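One structure is given here, and the rest of the page talks about it.
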Amino acid sequence: MLTLASKLKREEGVRAGRTPAGSNDASHRVSIRDRLLIKEVAELEANLPSTCKVTFPDENKLHHFQLTISPDEGYYLGGKFQFEIEVPEAYNMVPPKVKCSTRIWHPNIAETGEICLSLLREHSIDGTGWAPTRTLKDVVWGLNSLFTDLLNFDDPLNIDAAEHHLRDKEDFRNKVQDFIKNYAR
């Protein structure tokens, strides 16, 4: 992050006519996405839910990071669930790409990692999908809520998990705990 912030400062100096000696203007360009990410990551880190942790494998690439959610209540208590978040170049006009890399038994997360969360949808009829006014903070809080108040058995992505919950809540809870024990520690 420090390198991107200093790169941004250098670019602002170039635009103000203070080009450093021997530098190439094109090498100092920072994309709109990266400008947004510098601000949004700072806001995100200041407002992170207590159940979430964000890590950047490469601090110079704010557009790729991991989110770990450790729910403190409900069916998923005791698990640690890892999400890969990739912010495309067209951000904030398009949503980040998010995938759960932890195997999970969840009605809104497929075992292959796809996620059903309305704010991650680029086109939404009901108006709850992605909009340029949304931020990474909204994405993180939305993902965190999939383990509590946004847990939705009525509109599932993983139909088997939703039907399992409908048939036998206690067996569903046991299967969730088995997945946590085997994949989410």
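Because the structure is a prediction, the values reported are computed rather than measured.
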Donor-acceptor check, side chain of S145 to backbone of T148, threshold 3.5 angstrom: yes or no?
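Here the side-chain-to-backbone pair does not exist.
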Residues which pass side chain to side chain contact (heavy atoms under 4.5 Å, CB included) with L48, listed by chain and number, not counting sequence neighbours:
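With neighbours one apart ignored, the set is L44, C52, V54, V140.
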Can you name the residues that form a side chain to side chain contact (heavy atoms under 4.5 Å, CB included) with T112, not counting sequence neighbours?
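In terms of side chain to side chain contact (heavy atoms under 4.5 Å, CB included), with neighbours along the sequence ignored, T112 is linked to A110, E114.
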ring-ring contact (aromatic ring centres under 6.0 Å, His included) with Y75: which residues, sequence neighbours excluded?
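With neighbours one apart ignored, the set is H165, F172.
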Which residues pass the ring-ring contact (aromatic ring centres under 6.0 Å, His included) test with F147, not counting sequence neighbours?
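F147 satisfies ring-ring contact (aromatic ring centres under 6.0 Å, His included) with Y76, F81, H106 only.
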According to salt bridge (Lys or Arg N to Asp or Glu O under 4.0 Å), does anything in residues 69-83 pair up with another residue at least two apart or in another chain? List the pairs.
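Matches after skipping sequence neighbours: none remain.
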Just grab all the salt bridge (Lys or Arg N to Asp or Glu O under 4.0 Å) pairs involving residues 146-157, residues at least two apart or on different chains.
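Qualifying pairs: none.
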Which residues share a salt bridge (Lys or Arg N to Asp or Glu O under 4.0 Å) with R134, sequence neighbours left out
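With neighbours one apart ignored, the set is empty.
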Name all residues meeting the salt bridge (Lys or Arg N to Asp or Glu O under 4.0 Å) criterion together with E89; count only those two or more places apart in sequence or in a different chain, and write none if there are none.
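Here the qualifying residues are R33.
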Applying side chain to side chain donor-acceptor pair (under 3.5 Å), can you list everything that pairs with [X], at least two apart in sequence or on another chain?
| X | answer |
| --- | --- |
| Q177 | none |
| D168 | none |
| E84 | H64, Q66 |

List the atom of [X], the atom of [Y], and the distance in Å for their closest heavy-atom pair.
| X | Y | value |
| --- | --- | --- |
| N108 | P156 | ND2-CA, 4.2 Å |
| N47 | W141 | O-NE1, 3.0 Å |
| L143 | I85 | CD1-CD1, 4.2 Å |

Just distance, no hydrogens or angles: give the donor-acceptor pairs under 3.5 Å from side chains in residues 178-185, sequence neighbours left out.
residue, atom, partner, partner atom, Å
N182, ND2, D178, O, 3.0
Y183, OH, R103, NH1, 2.9

Supply the atom-to-atom distance R121 CZ to C116 SG, rounded to the nearest 0.5 angstrom.
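With rounding to 0.5 Å, CZ (R121) is 5.5 Å from SG (C116).
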Judged by modelled atom types alone, do Y91 and E40 share a side-chain donor-acceptor pair under 3.5 Å?
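The answer is yes; a qualifying pair exists.
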Under a plain distance cut-off of 3.5 Å, with no hydrogens placed, do Q82 and S101 share a side-chain donor-acceptor pair?
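No.
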